[in-house]
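Please read the structure below before turning to the comments.
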Amino acid sequence: MQTNLVEFIKLNPQGREADAILRKCVHCGFCLATCPTYDTLGDELDSPRGRIYLMKQVLEGTPATELTQKHLDQCLSCRACETTCPSNVEYQQLLEITRPVVDQQVGRSFKQRILRATILSILPYRSRFTPLIRVAQMVRPVLPQALKAKVPVKSALSKKNVGFKEHKRKMLLLEGCVQPGIAPNINAATMRVLDRLGITLLREAKEGCCGAISTHLNQVEDGLDFMRRNIDAWWPYIEQGCEAIVITASGCGAMVKEYGEKLAQDPNYSEKASHISSLSRDLVEVLCAEPVERLGIRGTDSIAFQCPCTLQHAQKLSGSVEALLTRMGFDLKTVANNHLCCGSAGTYSIFQPDLANQLRSKKLQALEESGAARFVSANIGCITHLSEISEQPVQHWIEVVDEVLANKNNSLSKANK
């Protein structure tokens, strides 16, 4: 694709990057087949190729309009197009470069600005979000149905955290910002399972949001500040030889693995950020590298795994959870069109509820048609979004592994009495 970017962006690093990305696109249209919004709406401008044309126009000097903003806002940032693209177009990066330009030219309504400011002041901060969600859960029974569906039922946290051994092998755990409030048992289950494999998970109170929420809402500098804070919090552990940073939410994992790219121009953090990214591991990567047979479990349930976009398209780990669970004896059922987004996409379901709900209905139908006894995922956003209307509980896959392990231990205890 030929380009002629305008002066205000052409000469800066982002402009050069955008120019290189645009030149890779050959208009082939392969991306249309895997784009959830194009599949749902049938509008070329709601496809990756159509949005690339819109972004090219803006970066070449055509004033952005509300329609431009609408089509870019309706993108899920699922990155399915990147998996499909034969030219390796970095679509998501182009979107992150262009969206702030469009927002600057078009602006946002007062209602949108208030909603965004509220989200940015609460969701990335665990100390604010968790107390707020606890209050909401207390009053949940008396809330109107529409609002009640948005408040997750308080998760039962297993108390089986006693008896952890101090192991020679140590890894850091990214606890995240919303997950501890919504589903604290996910990280607890992770600690229990890894403890049985001889790995101690360390937690650092000063770490926080990975930076994804701010970045995806065009508050790029705020997102970079969250990244720097995490790097500062983790660095002493890295210097002491900590093996890896374990991440149980695939959305967070996708972002942390990009710290090196995001902070490449920061002279004070570029090297550290690159090293942090190299040490970041999704939980499934950690367990796939371990002798899980030592756990001695044999899953008997049939499972349908909803593979988050951030796991399969951003981290390129499609099929890894399914392979691991199969290795543990679970019966993995096929989920139709599992490459398509469930509609959660971070804060997308808040700003684009109609599209998000349509995509969720399709995903739940596919999960139900699989005939599986249990539904699992690997990202807190997907789990929360699907759980709003699913009659079948949706869990993180590590919770199911932990549950089978606990049942096995209980059976052994009874047998020894």
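Side chains included, hydrogens not; waters and symmetry mates left out as well; all remaining heavy atoms used.
- Sorted by first then second residue, the ring pair (Phe, Tyr, Trp, His ring centres under 6.0 Å) pairs that include residues 114-137, not counting sequence neighbours, are Tyr125-Phe226.
- No side-chain donor-acceptor contact under 3.5 Å links Arg116 to the backbone of Lys111.
- Using a cutoff of 4.0 Å between basic side-chain nitrogens and carboxylate oxygens, Lys262 and Glu96 are scored as salt-bridged.
- Figure legend: cation-pi geometry between Arg298 and Phe330 absent, as NZ or CZ is not positioned both under 6.0 Å from the six-membered ring centre and within 45° of its axis.
- Lys170 and Glu243 are not joined by a salt bridge, as no carboxylate oxygen comes within less than 4.0 angstrom of a charged side-chain nitrogen.
- Separating the CZ atom in Arg51 from the SG atom in Cys35 is a distance of 5.0 Å, to the nearest 0.5 Å.
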Between Thr68 and Val106, does the side chain to side chain contact (heavy atoms under 4.5 Å, CB included) criterion hold? Intermediate values first, please.
CA-CA 9 Å; Thr68 309; Val106 178; 5.8 Å; no

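- The environment of Gln104 atom CD is sparse: at most 12 non-hydrogen atoms of other residues, nucleotides or ligands sit within 6.0 angstrom.
- In summary, the aromatic rings of His27 and Tyr53 are positioned with their centroids under 6.0 Å apart.
- Counted by atom type alone, Asn338 and Gln306 present zero donor-acceptor pairs between their side chains at under 3.5 Å.
- For the pair Lys56 and Glu60, the salt-bridge criterion is met [side-chain N within less than 4.0 Å of a carboxylate O].
- Residues forming a side chain to side chain donor-acceptor pair (under 3.5 Å) with Ser344 (at least two apart in sequence, or on another chain): none.
- With respect to the salt-bridge test (charged N to carboxylate O, under 4.0 angstrom), the residues Arg126 and Glu207 qualify.
- Classification of Glu66 and Arg108 as a salt-bridged pair fails, no side-chain N sitting under 4.0 Å from a carboxylate O.
- Listed by first and then second residue, the side chain to side chain donor-acceptor pair (under 3.5 Å) pairs involving residues 221-232 are Asp225-Arg228, Arg228-Asp266, Asn230-Tyr259, Asp232-Tyr269 (not counting sequence neighbours).
- A salt bridge links Glu290 and Arg169; the closest N-O separation between the charged side-chain nitrogens and carboxylate oxygens is under 4.0 Å.
- Residues Gln358 and Thr40 have side chains that never bring a donor and an acceptor to within less than 3.5 angstrom of each other.
- Classification of Arg23 and Asp19 as a salt-bridged pair holds, one side-chain N sitting under 4.0 Å from a carboxylate O.
- More than 12 heavy atoms of other residues, nucleotides or ligands shown are found within 6.0 angstrom of CD on Gln112.
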As a quick check of understanding, evaluate side chain to side chain contact (heavy atoms under 4.5 Å, CB included) for Asp39 and Lys362, giving each step before the final call.
CA-CA 11 Å; Asp39 180 67; Lys362 290 180 182 179; 3.3 Å; yes

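- Heavy-atom contacts from other residues, nucleotides or ligands closer than 6.0 Å to CZ of Arg113 number more than 12.
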